[in-house]
Amino acid sequence: MTAGNLVTIRFGVGTSIRWILGFMLLTGIIGLGYLSGKQPGPSPTQAGSNPTQSGNTQAGPQLHSSVEDPELLYIAVPPNWPESSGSDSLENHLLEEFQRESGRRVIWLKTGVEQVAALLQNPGIEMILSSRIALELPAGLHPGFSFPWGYSSQQVVSRTDTGYLENLESLTTRQIFVKVSSTALPALSKLAAIHAGMDLVLLPEEMPPETILERVASGQYDLAVLDGLLLESLLPGYQDLNVALNVTEETALSWGLHARSVEFQDSINRFLSRKQLERHVAGAYREDLTELKSRKVLRLITYENPVNYFFDKGKLKGFEYELARQFAREHHMRLDVVLCNSMEEMKELLRQGRGDIIAASLPYDEQPQEAGISYSRPYNYSAPVIVGRVYDSPLLDLRDLAGREIVLPPESPYLQSLQGIKDLGIDVGLKIAAGDNNMEATLMKVAAGDYDLTVISSHQLRAETAQHANLKAHFVLTDPTPHAWAVRSSDPLLQAAINRFLQREYRMSLYNDLYARYIENPGEHHDENSLLAAYDRLSPYDDIVHKYAEMYDFDWRLIVAQMYQESRFNPVAVSQAGAAGLMQLAPETVALLAIGDPTDPDAGIHGGIRYLDSLRDRFEDEIPGDDKTWFALGAYNAGFNRIEQARDLAEKMQLDRNLWFNNVEQALLVMAKPKQQEGELLRLCRCGQTAYYVREIKTLYSNYVHLTRAFRVAAAEGEFKPEI
């Protein structure tokens, strides 16, 4: 039946599977090749977004004299590539990024399968085929395939207030909206064939996913099925929607590769391995405490300053950071940090599911009540203070602000209070500094006379003004107000746990120690690693790390995290076992690789990265690219054979031998437990240390990624926003 441009399928119990398959053939599902079972190859994806393409774009391959140019790379994508957001937009972004990193001249081919098939006959060219192009190639023309660039499944979207869906059987009394091209349709059709109460509504292919989500949110649609990668990018914008369950298994998405050399394929695979690591760090999801504990990760949203969070000699510090880290530890989670540049950005990332809590000295009374955000119980009090230069005439109260100008950093929570002063009729100028001017940068410019005045929280005053002798506090704007952490309103379990934690810890030993260290007696927290320093420099050896990490296709931030874990950046560190240098290379490894002096930073870093690369290469290609990195780090710490033993044990434990976290990692913890043997308690290995080693590197790497990404944003040139 049709209703407008929708097709509704209602199956009675007696409907035959043959009729269902016939319908599927008529609607083009099998004819599109989505159920053909071609292997290897990626799963089908939804249409992607429409970012600007780089390089030349041609309607079809132009075979000319430069076709075998070794510097030329073809990238083949469908003619309508891409049209809407989703998995295609992620794939397109990665392709463009690989083009930039490769430094090669690229011709983008927006073309069909026949033209690509013609080009594949030429062994002298190199080409990357998008997943959809590679999938549709005729049998016998399949090129090689890359490591997966992503993983996706078809997922059911529902409103948060419509009840829990336990499994596919829960759909049998519901109405489900799905596109004909969806790989979930066969499973849903079979289910509808035996459950008369289930309505399956086919959506037109051209309907934008945003429209589908809006109609689910408004109640016009009951449930909808969409691509998981698409939902990852879109769902954070719909606070009343969530993913109810998966309809299909998660499928790897790969590129087709037509290459002259193994080196070219290897460069692509290593690029994708690095990007998988970064993407894992930056994923978006909205979950309450139970699910977060299963992930074992809590993501803290904050901004850097000498009280909240800062970076000092490779170590992450700060009052809010360490308090949140203790909360995470008590719930057996590690703490990752998401850095922001403004108050609005923090709240938006929380709503989107790109972080779980905001801990940034938020004065609760200053925060407007906003949909989707709730606050914890108070745990500290502070007041906004007017700050100027020591040689200023004293400012005694609000009236003295007339004719003056106050500049606030973007992360300041005091905009509303200051706007209230203007509303009283006091002629005070009010501006927001550009995104690259954080609180410390703003204070420095006040001290230098570039800015007139600013406002700072009283609890941050001692830490900030300790760095600038030319600053003085004038007067307090308002009475002290309580601070609070912020969470999503949809996470009541997390909010309740935070409230219990803060009630117990407030003014107790841990809290008092952190308060004294970072607020009452801050001292010189950070030397050359000032908050004004370039956060794309993480260690004194970044130039060396950059050089060799690029040579062996590692993310340089991962190597810095490993180096910190190994030696705390001490080039002459020597362990009890004789491991030496920044990368703590064992004597046998130094001899095997002919490294030279491991305490020489250049030789030691090069040797450590070369050894890590050799370990990564020993693990088979069936292991996902990002997991190969974690396996290599585990082998660096415990030895390759020990990791192989753990993989065998993981398989016996019915865990996945090709996944590190929560799989082989768990086997290592079992191996670390002492066992009785002939009446003696023996420990097979210190494998628990290896699990901890990899976890710590991953956490530090995650924080480094956020730190450097935030710096790149903050370092962009910008002007003042218009006067408020």
Side-chain angles (χ1 to χ4, degrees), residues 94 97-98 100-104 146-149 257 259 261-281 536-567 569 571 579-586 588-598 600-621 623-640 643 660 693-694 697-698 700-702 704-705 708:
L94 289 171
E97 196 163 348
F98 179 76
R100 289 192 295 271
E101 288 195 14
S102 71
R104 297 176 67 167
S146 70
F147 285 172
W149 55 262
L257 301 179
S261 66
V262 174
E263 288 77 12
F264 173 69
Q265 298 181 52
D266 191 52
S267 68
I268 290 177
N269 286 336
R270 295 198 173 198
F271 164 80
L272 291 173
S273 294
R274 285 188 282 115
K275 294 305 166 184
Q276 283 282 9
L277 288 178
E278 276 203 38
R279 187 163 173 272
H280 178 79
V281 165
D536 59 347
R537 294 200 63 81
L538 299 174
S539 80
Y541 308 101
D542 283 1
D543 292 340
I544 301 173
V545 174
H546 271 288
K547 177 173 64 173
Y548 293 119
E550 183 176 348
M551 182 182 298
Y552 293 96
D553 288 301
F554 283 104
D555 189 320
W556 70 279
R557 296 163 295 190
L558 181 79
I559 301 300
V560 173
Q562 183 191 13
M563 183 166 56
Y564 179 80
Q565 186 66 21
E566 289 285 359
S567 65
F569 303 148
L582 290 164
M583 301 295 283
Q584 288 292 281
L585 292 160
E588 55 270 25
T589 304
V590 172
L592 178 66
L593 299 180
I595 288 170
D597 181 5
D600 172 69
D602 190 280
I605 292 171
H606 186 193
I609 295 175
R610 185 153 60 99
Y611 180 48
L612 186 65
D613 178 61
S614 69
L615 291 169
R616 182 175 61 180
D617 285 345
R618 292 183 69 179
F619 292 100
E620 57 268 29
D621 289 344
I623 298 175
D626 50 340
D627 275 278
K628 282 185 76 170
T629 301
W630 307 128
F631 278 108
L633 285 167
Y636 194 105
N637 182 260
F640 180 81
I643 300 303
W660 180 268
Y693 172 85
V694 177
I697 290 174
K698 184 181 187 302
L700 195 55
Y701 166 71
S702 172
Y704 284 172
V705 167
T708 52

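Being a predicted model, the structure only gives us computed values, none of them experimental. What's counted below: heavy atoms across the whole structure, side chains too, no hydrogens, waters or symmetry copies.
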Trainee: Return the minimal non-hydrogen interatomic distance between A561 and Y701, and the atom names on each side.
Mentor: CB-N, 3.8 Å

Trainee: Roughly how far, to the nearest 0.5 Å, is the CG atom of L558 from the OH atom of Y704?
Mentor: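 Output value for this atom pair is 11.0 Å.
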
Trainee: To the nearest 0.5 Å, how far apart are CD1 in I268 and CG in L94?
Mentor: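 One gets 11.5 Å once the value is rounded to the nearest 0.5 Å.
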
Trainee: Could you measure the distance from the CG atom of L612 to the CD1 atom of I559? Nearest 0.5 Å is fine.
Mentor: 5.5 Å

Trainee: Quick one: pull up CE in M551 and CD1 in I609 and give me the separation to the nearest 0.5 Å.
Mentor: 9.0 Å

Trainee: If you look at every heavy atom in S146 and L272, which pair is closest and at what distance?
Mentor: OG-CD1, 3.6 Å

Trainee: Are R618 and F640 in a cation-pi setup, meaning NZ or CZ lies under 6.0 angstrom from the ring centre and within 45 degrees of the ring axis?
Mentor: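 Geometry flag: set, cation within 6.0 Å and 45°.
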
Trainee: Just wondering, more than 12 heavy atoms not from E550 lying within 6.0 Å of its CD?
Mentor: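 No, because the 6.0 Å sphere around CD of E550 holds 12 heavy atoms or fewer from other groups.
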
Trainee: Side chains of Y611 and M583, heavy atoms from C-beta outward: is any pair under 4.5 Å?
Mentor: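 Contact flag for Y611/M583 side chains = no.
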
Trainee: Is it true that D613 and R616 make a salt bridge, defined as a side-chain N closer than 4.0 Å to a carboxylate O?
Mentor: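 A salt bridge is present here (some side-chain N lies under 4.0 Å from a carboxylate O).
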
Trainee: Kindly assign one of parallel, tilted or perpendicular to the pair F98 and F264, based on the angle between their ring planes and the thresholds 30° and 60°.
Mentor: perpendicular

Trainee: Between Y548 and F554, is the ring centroid distance below 6.0 Å?
Mentor: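 Between F554 and Y548, which both carry aromatic rings, the centre distance is not below 6.0 Å.
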
Trainee: Heavy atoms only: give me the nearest R610-L593 pair and the separation to one decimal.
Mentor: NH2-O, 2.7 Å

Trainee: Strictly below 4.0 Å, N to O, side chains only: are D266 and R270 in salt-bridge contact?
Mentor: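 Looking at R270 together with D266, the answer is yes, because their closest N to O distance falls below 4.0 Å.
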
Trainee: With no hydrogens and no angle check, is any side-chain donor or acceptor of D617 less than 3.5 Å from a backbone partner on S614?
Mentor: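 Pair absent, no side-chain N/O of D617 close to backbone of S614.
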
Trainee: Salt-bridge test for K698 and D626: reply yes if a basic N is under 4.0 Å from a carboxylate O, no otherwise.
Mentor: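 Salt bridge flag = no for D626 with K698.
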
Trainee: If we ignore angles and hydrogens, is there a donor and acceptor under 3.5 Å between the side chains of Y693 and E566?
Mentor: yes

Trainee: Quick check for you: to the nearest 0.5 Å, what is the distance between D597 atom CG and D602 atom CG?
Mentor: 11.0 Å

